[in-house]
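Each remark here refers to the structure printed beneath this line.
Side chains included, hydrogens not; waters and symmetry mates left out as well; all remaining heavy atoms used. So you know, we letter chains A, B, ... as the sequences are listed, proteins then strands, and number each from 1.
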Protein chains: 2
Amino acid sequence: MSRTKARTALLEELEEAMRRSSAQGVLYGQTVANVAGIANSDLECMDILYLEGRVTAGRLAEVTGLTTGAITGVVDRLEKAGLVRRERDEKDRRKVFISVVPEQAMKIGQLYVPMQQAMEKVFGTYSDQELRLLLRFATEGYKGVLAATEALKSLLDTPPEKRPDLKLKKLRRQP
Amino acid sequence: MSRTKARTALLEELEEAMRRSSAQGVLYGQTVANVAGIANSDLECMDILYLEGRVTAGRLAEVTGLTTGAITGVVDRLEKAGLVRRERDEKDRRKVFISVVPEQAMKIGQLYVPMQQAMEKVFGTYSDQELRLLLRFATEGYKGVLAATEALKSLLDTPPEKRPDLKLKKLRRQP
DNA sequence: ATATATATCTTAGTCACTAAGAGATTTAGC
DNA sequence: GCTAAATCTCTTAGTGACTAAGATATATAT
């Protein structure tokens, strides 16, 4: 029992620490956007392009949750800034692929250097085996958050009065 | 040599995995705001209030990077929604403390349940010792990101032409 | 007491967003 | 093959959250 209690406390601490670091991660992103002089959504799209490579405008809308109209604006601004290029798909001429212009995008990438250095410093204190554990956690965590996002999105399609009443754990003590 | 190479590859994989999961975390937050019917910044402030407890309007501006004028709007909306309360500091009557209204805020908290469940499922596969490693990482990672944010912010105070290395195209009117 | 500093709010204007629908192209049904 | 429906992006009009600058109120220093 004392063992489970210790674990429960550990899990709570962990949840708060994760929440804090992820909140700070959001702030880092906002700062990058500020320094780069582009909108938050614009940077978010750059990030998606970096991770997924050449994607269509529609896919950007899908992933970001913005309307296609908003994406038109995002891509207009990014294209004007020379960060991305529009390329019509020759096979299906309705589609527009967006791809990054590496030379320009690299300037944005430089703004992540302070973050990378900080993380390298942290990673440096872990053994290979420990890093593999962190990798496993990051990978599984991603899948979990992805699934949770889908679960939550489905609530949007459910009328409020028909939403299953989610049981919430007791609200945390106020410091 | 082969050993260092393996570690470099591991670090790269780790960086990408972290980036992916944190991007998905951002999307989860956006979805929560959508479902709750409040603006992103409003939710961000709720999160800060949850983590820091009763804070002043000025502190919210400081942490979020928004102007005090914007925070007035945020608090107006949150107060109207019954999620927070304004309380003048009796010791220094210029200050306004913002505090959450737990009963209402809990409704927002419920939207984090899918996420918490997903994470609990993930955490369930780790031993206490492994969880402590994750906690150490989250704590150190937070400090690292915080420091990196400060480092990056200092670039904002440096005139663009004097910034080391970076010569970014001016995309938006700079403050 | 006066001046300066601090904390929040107000105002005017800007920009990114949504909703709705137009335009262009592809796919399906006959 | 031809028409209708579906798909993908862009356009337009209107809305709301944001910034900058300054107003207001209170606190601190000289």
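Between the CG atom of L60(B) and the P atom of dT8(C) there is a distance of 9 Å, rounded to whole Å. Rounded to a whole Å, the CG atom of L66(B) is 14 Å from the P atom of dC9(C). Counting to the nearest Å, the P atom of dA17(D) and the CD atom of Q30(A) are 16 Å from each other. Regarding E62(B), its CD atom lies at a distance of 14 Å from the C1' atom of dT8(C), rounded to whole Å. Taking atom CZ of R59(B) as the reference point, atom P of dT6(C) lies 17 Å away to the nearest angstrom.
Comparing G65(B) and T56(A) by the nucleotide of DNA chain D that holds the closest heavy atom to each, the one mapping nearer the 5' end is T56(A).
Residue-level contact check: R86(A) touches the backbone only, with heavy atoms under 4.0 Å from sugar-phosphate atoms and none from bases.
Salt-bridge annotation for R94(B) and D92(B): present, with a side-chain N of the basic residue lying under 4.0 Å from a carboxylate O of the acidic one. One finds a salt bridge joining E62(A) and R59(A) here, because a Lys/Arg side-chain nitrogen approaches an Asp/Glu carboxylate oxygen to under 4.0 Å.
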Can you pull every protein N or O that's under 3.5 Å from an N or O on nucleotides 25-30 of chain D?
from: dA27(D); atom 1: OP1; to: R93(B); atom 2: N; distance (Å): 3.1

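Residue K95(B) has its side chain nearest to dA7(C) when only dC18(D), dA7(C), dC9(C) are considered.
Residues of residues 68-80 of chain B that place a heavy atom closer than 4.0 Å to DNA chain C, in numerical order, are T68(B), G69(B), T72(B).
Side chains of E140(B) and Y126(A): a donor-acceptor N/O pair is present below 3.5 angstrom, by distance only.
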